[in-house]
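One structure is given below, encoded as structure tokens.
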Amino acid sequence: MDIKKAFSYHGNETPALLKKPELFFVFFAFFAGLLMLFITPPFQTPDEYNHFYRTYQISEGGWIAEKKEGKVGGFLPQALLVTAQTVSKNIPFHVENHQKVEDIFAVASLPLNKHIRVFIEFYNTARYSPLPYLPQALGVALGGLFHPSPIKLFYLGRMFNLFFWLALCYLSIKTVPVFKWVFTLLALTPISLFIGASLSPDAFTNGISFLFISTVIRFAYGDDVKSGSAYIAVIFIISVILSLSKQGYFFLFFLFFLIPVNKIALRGNTVLKYSITFLCLIALAVISSAAWHFLIRDFAMATITSDGGYDVSLAKAKIFFVLHSPLQYLKMLGLTYSSCFNGYMIQLIGKLGWTDTYLPKLLIYSYYLTLILTALTEQTHNNIKINAAHKTLMGMISILTIVLITTLMFITWTPPEEKIIYDIQGRYFIPLTPLIFFMFYDSFLSKKHLRYKNTVFNRHIRLINYFRNNTYTARAILFVYCVYSTTATLITLVNRYYG
């Protein structure tokens with residue numbers, strides 16, 4: 001990207017960086033992501049130890065994890081384990097401990113020694129299909145050709161993951177016909193950048209979810225898309241990819257019902273054929289996910305125990321509880337959300353590290369305010385209307401997805417004696433954020449020339465109208481805010497790990 005050209009400004013012409021949100025995103029995500037990739041110490045994103053082991057296993061062609069004496073993992077080079085144990089000792093959940101740079105350099109020349117292997121357990125990441133690990137695994141496989149140390153392979157995996165996530169988000173922003181700036185801000189949240197610059201497969205899942213949503217929105221509402229089997233094929237392909245990435249986002253496929261019947265390129269355009277197309281979409285996604293779970297059926301659905309193992313019978317008992325005591329389970333859900341809602345909202349913008357690194361409250365609250373203001377002020381497309389029924393569908397999909405994710409966490413993580421569900425993190429809801437903010441699209445607050453007798457409310461409406469009518473000023477302010485957001489995030493990471 002030509003940075004000088006991107007910032008060029010001649011007369012009334014808006015600079016390219018402030019005119020095209022996809023360029024705006026790439027600018028911030030590329031530079032902030034790379035800095036975050038190296039500032040964040042190795043293994044300091046959630047489960048990154050096990051993500052590293054699973055990545056390496058896949059890079060060698062080990063798509064399905066191995067079992068040994070009731071443990072799930074793989075026989076991997078012992079140097080991987082030595083690296084993980086040497087680099088970041090007692091840092092997760094211990095904010096008083098910092099990263100020693102010399103520990104990283106100490107393993108920089110450690111030989112991989114592929115022939116010296118030990119069994120390493122990583123049940124929680126062994127359940128993932130290889131698909132969301134392919135970017136990281138590709139980086140590790142290519143790096144392996146030069147026989148580097150494990151820590152260098154680790155950073156290569158992070159880098160490939162970052163670039164692939166960046167590409168998916170770029171395509172999402174470019175594809176979606178409306179709310180491009182909202183998509184941009186959602187992709188640039190501190191937690192989204194943090195996960196994107198890690199080994200986590202959630203980076204892939206977040207990116208492919210955004211791309212799925214933007215493709216459906218484009219097909220459903222884009223005035224340049226009248227019909228097309230090509231769009232249907234793309235939606236089918238992305239659905240399979242998403243179903244193999246993480247099963248908790250199944251209900252996103254029901255966004256299909258946003259697409260008008262007359263846009264499905266089938267002869268006759270009948271409701272019956274429309275329904276058959278949807279059922280084929282669901283069937284393909286379910287079969288893909290079911291096929292993977294069949295391959296790992298011995299440990300696909302189990303509760304993770306305190307010693308890192310797994311218990312299939314306990315998971316079955318929890319499923320029985322959910323199905324046969326729905327009222328008690330709903331009460332459990334209510335207690336979970338009521339007691340943890342504020343924490344989820346904070347984590348959705350950014351609670352970094354192993355959820356032990358807090359960002360400034362000013363950044364958290366101002367980011368929400370910026371998102372809402374952007375959603376209200378971003379120019380709506382004259383020919384694109386999202387009616388109340390479609391917004392309701394988006395809301396219902398979001399709620400059902402949240403419940404499904406929570407239920408999966410109950411089955412796989414929460415001890416049976418607990419009254420609330422453990423280990424739910426706000427970052428799990430990143431794929432839903434576009435749907436939530438579409439509630440603001442073309443809302444009564446974003447209409448032009450609104451007038452109310454209430455003085456305070458009227459001033460807010462005038463502010464919205466001002467930003468709508470002064471696009472360059474609004475984008476310039478957004479640029480300054482993103483500089484603040486990324487800078488504050490990077491400073492927080494430096495203070496946490498090296499202060």
Side-chain angles (χ1 to χ4, degrees), residues 46-47 50-51 72 93 121-129 132 191 195 200-202 205-206 209 242-254 285-286 289-290 292-293 296-348 351 354-355 395-433 435-436:
D47 298 318
N50 289 353
H51 290 315
V72 178
F93 311 115
E121 184 182 10
F122 45 93
Y123 165 71
N124 62 326
T125 58
R127 294 177 300 169
Y128 285 92
S129 82
I191 188 62
I195 295 300
S200 175
D202 287 348
T205 303
N206 294 341
S209 298
L242 182 55
S243 67
L244 287 171
S245 299
K246 219 166 191 179
Q247 58 189 5
Y249 303 107
F250 169 78
F251 288 108
L252 286 180
F253 303 140
F254 286 80
V286 170
S289 180
W292 169 248
H293 282 80
I296 60 168
R297 56 191 177 278
D298 291 340
F299 57 89
M301 185 61 70
T303 297
I304 297 175
T305 57
S306 57
D307 62 351
Y310 65 97
D311 188 331
V312 176
S313 61
L314 184 55
K316 290 180 178 179
K318 290 182 182 180
I319 295 172
F320 182 87
F321 169 74
V322 171
L323 295 176
H324 291 82
S325 303
L327 292 180
Q328 285 183 263
Y329 182 64
L330 285 174
K331 182 180 178 180
M332 193 176 192
L333 288 176
L335 287 172
T336 300
Y337 297 140
S338 61
S339 60
C340 303
F341 179 79
N342 186 58
Y344 299 154
M345 294 298 289
I346 291 173
Q347 293 171 10
L348 191 55
K351 194 176 178 186
W354 286 68
T355 66
M396 289 301 299
I397 288 172
S398 299
I399 292 171
L400 289 171
T401 302
I402 290 171
V403 171
L404 178 58
I405 291 171
T406 308
T407 302
L408 290 173
M409 294 305 294
F410 167 68
I411 294 169
T412 56
W413 282 98
T414 306
E417 67 274 7
E418 297 297 331
K419 294 183 179 180
I420 64 171
I421 299 169
Y422 277 5
D423 290 318
I424 304 168
Q425 298 177 31
R427 63 187 176 90
Y428 298 156
F429 308 132
I430 290 175
L432 303 177
T433 51
L435 301 183
I436 295 170

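For this chain, numbers begin at 1 and follow the sequence in order. Since the model is a prediction, treat every value here as computed from it, not as a measurement. For the numbers below, each heavy atom of this structure counts, side chains included, while hydrogens, waters and symmetry mates do not.
Side chain to side chain, Thr406 and Tyr337 meet the donor-acceptor criterion of an N or O pair below 3.5 Å.
Between the side chain of Thr407 and the backbone N or O of Val403, at least one donor-acceptor pair lies under 3.5 Å. In this structure, Trp292 contributes its side chain and Arg127 its backbone to a donor-acceptor pair below 3.5 Å. The main-chain N or O of Asn50 is found under 3.5 Å from a side-chain atom of Thr125 such that the two form a donor-acceptor pair. Judged by distance alone, the side chain of Ser325 and the main-chain N or O of Val322 form no donor-acceptor pair under 3.5 Å. When atom types are taken as modelled, the side chain of Thr401 and the backbone of Ile397 share a donor-acceptor pair closer than 3.5 angstrom. A donor-acceptor pair under 3.5 Å is formed between the side chain of Thr336 and the backbone N or O of Ile421. A donor-acceptor pair under 3.5 Å links the side-chain atoms of Asp311 to the main chain of Leu314, judged by distance alone. Using a distance-only test at 3.5 Å, with no hydrogens or angles considered, no donor-acceptor pair links the side chain of Ser200 to the main chain of Ile195. The backbone N or O of Phe299 sits less than 3.5 Å from a side-chain atom of Tyr123, completing a donor-acceptor pair. With hydrogens and angles ignored, the 3.5 Å screen pairs a side-chain donor or acceptor of Ser338 with a backbone N or O of Leu335.
Using bins of under 30°, 30° to 60° and over 60° for the plane-to-plane angle, the ring pair Tyr329/Phe410 lands in the tilted bin. Using a 30° and 60° split on the angle between ring planes, Phe253 and Phe250 fall in the perpendicular class, above 60°.
Here the straight-line distance linking atom OG1 of Thr205 with atom OH of Tyr249 works out to 6.5 Å at 0.5 Å rounding. Between atom CD of residue Gln347 and atom CD1 of residue Ile424 there is a gap of 10.0 Å, rounded to the nearest 0.5 Å. A distance of 9.0 Å separates CG of Asp47 from CG of Asp202, quoted to the nearest 0.5 Å. How far CH2 of Trp413 is from NZ of Lys318: 10.5 Å, rounded to the nearest 0.5 Å.
No side-chain heavy atom of Phe254 sits under 4.5 Å from any side-chain heavy atom of Met396.
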Exercise for review: Starting from the C-alpha separation in whole Å, work towards a yes-or-no answer on side-chain contact (heavy atoms from CB on, under 4.5 Å) for Thr355 and Arg427.
Suggested key: CA-CA 10 Å; Thr355 66; Arg427 63 187 176 90; 5.5 Å; no
Exercise for review: Quick one: do Leu432 and Leu252 satisfy side-chain contact (heavy atoms from CB on, under 4.5 Å)? Show the steps, please.
Suggested key: CA-CA 8 Å; Leu432 303 177; Leu252 286 180; 4.0 Å; yes
Practice item. Start with the C-alpha distance between Leu408 and Gln247, add both sets of side-chain angles, then the distance that settles side-chain contact (heavy atoms from CB on, under 4.5 Å), and finish with yes or no. Key: CA-CA 9 Å; Leu408 290 173; Gln247 58 189 5; 3.7 Å; yes
**Study point:** side-chain contact (heavy atoms from CB on, under 4.5 Å) assessment of Ile436 paired with Phe429
**Key:** CA-CA 10 Å; Ile436 295 170; Phe429 308 132; over 6 Å; no
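Residue Phe93 places its CZ atom among more than 12 non-hydrogen atoms of other residues, nucleotides or ligands, all under 6.0 Å distant.
Heavy-atom minimum distance, Ser129 versus Leu244: OG-O, 2.5 Å. Closest approach of Ser398 and Leu435 over heavy atoms only: OG-CB, 3.6 Å. Residues Ser209 and Leu242 share a closest heavy-atom pair of OG-CD1, 3.4 Å. The nearest pair of heavy atoms linking Gly426 to Leu348 is O-CD1, 3.2 Å.
Both tests do not hold together for Lys246 against Tyr128: distance to the six-membered ring centre under 6.0 Å, angle to the ring axis within 45°.
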